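Comments concern the structure below.
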Amino acid sequence: MAMPQTIEAVRHSFVAGGDVKRMLINGEWVRAASGKTFESRNPATGDLLATVAQGDKEDIDRAVAAARAAFEGPWSKFKPYERQALLLKIGDIIEKHYEELSLLDTMDMGAPISRTRGTKQRVLGMLRWYAGMATSIHGETIENSLPGEYFSYTLKEPVGVVGAIIPWNGPLGACIWKIGPALATGCTVILKPAEEAPLTPLRLGELLMDAGVPPGVVNIVPGYGETAGAALAAHPGVDKVAFTGSHLTGQLIVQASAGNLKRVSLELGGKSPDVVFADADLEMAVPGAGMAVFANSGQICSAGTRLFVERKVYDEFVERVANFGKGLKVGNGVDPDTQIGPLVSEQQYERVTSYLSTGRQEGARPVTGGQALTDGPFAKGYFVPPTVFADVKDEMRIAQEEIFGPVISAIPFTDVDKVIRRGNATTFGLGSGVWTRDVGKAHRLAKRPARRLSVDQLLPGNGSGRAVRWLQDEWLRPRVGHPADGRVFECKGRLDQNRVARQDITHGGSAALRSSQAIAG
Ligand code: NAI
Ligand code: MG
């Protein structure tokens with residue numbers, strides 16, 4: 001197996017000397033206050049990658065204090081241009097170290113190196129887009145009808161100290177879309193990486209220090225969700241929580257945020273429908289619908305896991321997607337030829353394999369896959385091959401619940417209106433896809449509201465107009481002034497106190513043509 005050359009070097013930098021990988025608080029690398037640690041292992045091999053400081057409430061307290069001091073102190077003096085320059089510098093440093101960061105993601109959470117390398121343009125593009133936004137922030141002047149000569153305006157100011165809680169399914173990208181907007185808008189941040197994959201975030205912390213991010217502006221506290229994560233979500237000194245992860249944890253975050261009515265933004269999971277019509281270009285739709293689920297071993301929030309296929313082509317399509325899945329190379333992510341890596345952890349492995357049994361018990365028919373891979377090169381890792389279940393019914397658990405593994409539930413349909421209703425008939429959804437050559441049909445489906453229990457990932461590249469609004473609405477708050485007669489009569493901060501815990505559970509948008517991005521995986 002051709003291993004990337006730097007693999008030993010990267011591994012060495014983590015296990016070297018048996019030292020504990022420390023957390024970043026106030027610009028310093030420190031051990032957990034409790035002295036506790038946890039292990040991070042490679043899910044393909046079981047190899048120990050590093051022993052990591054295990055943050056808890058006390059560490060979160062220290063990080064929040066540092067973030068507050070930086071927010072009110074030196075960081076507040078940074079002009080937009082200086083924040084922009086800093087972000088661009090971070091972009092250059094990350095670009096220089098991209099190979100190392102890709103490898104770390106691959107070793108820590110299992111995704112194929114082809115995938116973690118392949119995110120380069122997107123990740124750097126996002127970061128540089130945030131850099132651009134730092135100098136594009138603006139308020140409004142507002143016509144008013146107050147008696148006298150007043151004019152009204154808003155100034156946008158950063159929301160403050162942000163707790164960012166990220167999952168393990170794309171650690172580098174997740175770090176960037178939390179840290180990027182924080183730095184662009186002048187917030188400070190405490191990042192809590194997922195316990196399954198803390199290494200890239202910690203290495204990124206080193207690079208941020210090299211770039212000259214001032215102490216306390218970005219703090220990184222690894223640890224478990226129930227302890228470090230919960231402490232961050234409930235902390236009275238945190239103004240906003242930006243969370244990506246499961247809907248169950250999202251619900252806990254909303255509850256925890258109530259104490260000081262934090263702002264909350266949630267990016268949760270889904271059971272997204274992908275609808276294939278008989279008139280689709282099947283040459284495109286087969287790999288497209290396949291990789292919409294198999295990519296990253298299905299560990300993607302917007303994976304098109306409910307595959308609705310028009311009855312006329314159902315048998316043919318299911319067989320072709322199954323063959324496509326069977327042809328993908330499963331293996332250790334560091335092998336450049338690997339297309340499907342392991343699942344991230346034993347917990348995910350147990351979870352996904354139990355859904356494989358559930359599917360069979362419910363009467364669904366595995367056309368390919370359906371069993372974990374346990375022999376030879378797979379013996380020590382958490383490998384589940386691409387799986388396609390046929391004869392799936394809407395009410396089955398495998399058609400309703402997020403599996404977060406490489407498992408397609410293929411369901412036949414005949415009626416367009418019914419498939420829209422059925423597509424929306426889950427408690428949650430995130431994205432959706434339509435495969436057809438009939439533009440009228442595509443638009444018709446796109447117009448029907450899809451149900452979501454998650455904010456769309458309003459990231460640059462997903463329509464930057466919406467991304468601009470997202471940044472302005474989520475990471476800044478308006479301050480209103482009414483200057484008149486040479487006096488400044490300011491309603492400073494009044495709007496702050498109106499902060500409601502906004503859970504961005506949006507209902508809107510819906511089916512879009514799944515882009516070629518999904519095909520590329
Ligand atoms: P999770 O939602 O529990 O973990 C995500 C992050 O939240 C991690 O950093 C974790 O430490 C933190 N967290 C956990 N409990 C917390 C709490 N009480 N307070 C604050 N933070 C907390 O997801 P998990 O357990 O890793 O995976 C379970 C399932 O969730 C998956 O099988 C999948 O269905 C879904 N999931 C969806 C993701 C997405 O991108 N939509 C990402 C990860 C998981
Ligand atoms: Mg969890």
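Atoms within each ligand, like the ligands themselves, are counted from 1 in listed order. Numbering starts at 1 and runs along the sequence shown. These numbers come from a predicted model, not from an experiment.
Every atom of ligand 1 is numbered from 1 in the order shown, and the set under 4.0 Å from a heavy atom of L268 is 41 (N). Atom numbering of ligand 1 starts at 1 in the shown order; those under 4.0 Å from a heavy atom of P167 are 42 (C), 43 (C). Taking every heavy atom of I165 and a limit of under 4.0 angstrom, the matching atoms of ligand 1 come to 6 (C), 7 (O), 9 (O), 12 (C), 20 (C), 21 (N). Every atom of ligand 1 is numbered from 1 in the order shown, and the set under 4.0 Å from a heavy atom of L252 is 18 (N). The distance from ligand 1 to the heavy atoms of E402 drops below 4.0 Å at these ligand atoms: 33 (C), 34 (O), 35 (C). Residue G245 approaches ligand 1 through these ligand atoms, each under 4.0 Å from one of its heavy atoms: 2 (O), 37 (C), 38 (C), 39 (C), 41 (N), 42 (C). Of all atoms in ligand 1, numbered sequentially from 1 with element shown, those under 4.0 Å from a heavy atom of F243 are 2 (O), 6 (C), 7 (O).
Any N or O atom pair closer than 3.5 Å counts here, and Y224 shares no such pair with ligand 1. Residue I253 has no N or O atom closer than 3.5 Å to an N or O atom of ligand 1. At under 3.5 Å, not a single nitrogen or oxygen of T244, backbone or side chain, sits near a nitrogen or oxygen of ligand 1. Considering both main-chain and side-chain atoms, I166 comes within under 3.5 Å of ligand 1 through a nitrogen or oxygen pair.
Residue L268 holds its CG atom at 9.5 Å from CG of L248, rounded to the nearest 0.5 Å. Distance check: N219 CG to L191 CG gives 9.5 Å after rounding to the nearest 0.5 Å. Within the model, atoms CZ of R122 and CG of L127 stand 13.0 Å from one another, a figure rounded to the nearest 0.5 Å. The distance from the CD1 atom of I93 to the CD atom of E206 is 12.0 Å, given to the nearest 0.5 Å.
Nearest-heavy-atom check against atom 19 (N) of ligand 1 across A230, P222, G250, A174 picks out A230. Taking all heavy atoms of Q299, E226, Q347, R351 into account, the minimum distance to atom 32 (O) of ligand 1 is reached by R351. Around atom 23 (O) of ligand 1, the closest heavy atom drawn from P198, S246, A256 belongs to S246.
Remark: A234 engages A256 in a side-chain contact (heavy atoms from CB on, under 4.5 Å) (not counting sequence neighbours). Residues passing the salt bridge (Lys or Arg N to Asp or Glu O under 4.0 Å) test with R397, sequence neighbours excluded: E401.
Under 4.0 angstrom from ligand 1, there are no non-hydrogen atoms of A233. Residue contacts with ligand 1, taken as heavy atom pairs separated by less than 4.0 Å, do not involve H247 at all. Residue contacts with ligand 1 for E267 are absent, since no atom lies close enough (heavy atoms, distance under 4.0 Å). By the criterion of a heavy-atom distance under 4.0 Å, the side chain of N169, and not its backbone, is placed next to ligand 1.
Remark: E95 CD is packed, more than 12 non-hydrogen atoms of other residues, nucleotides or ligands lying under 6.0 Å away.
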Evaluate R203 against L199 for side-chain contact (heavy atoms from CB on, under 4.5 Å), listing each step before the verdict.
CA-CA 6 Å; R203 179 67 184 120; L199 299 188; over 6 Å; no

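Remark: D108 does not engage R41 in a salt bridge, criterion side-chain N to carboxylate O under 4.0 Å.
Under the 30°/60° scheme for interplanar angles, the aromatic rings of F38 and Y224 are found to be tilted.
A donor-acceptor contact closer than 3.5 angstrom links the side chains of T249 and S246.
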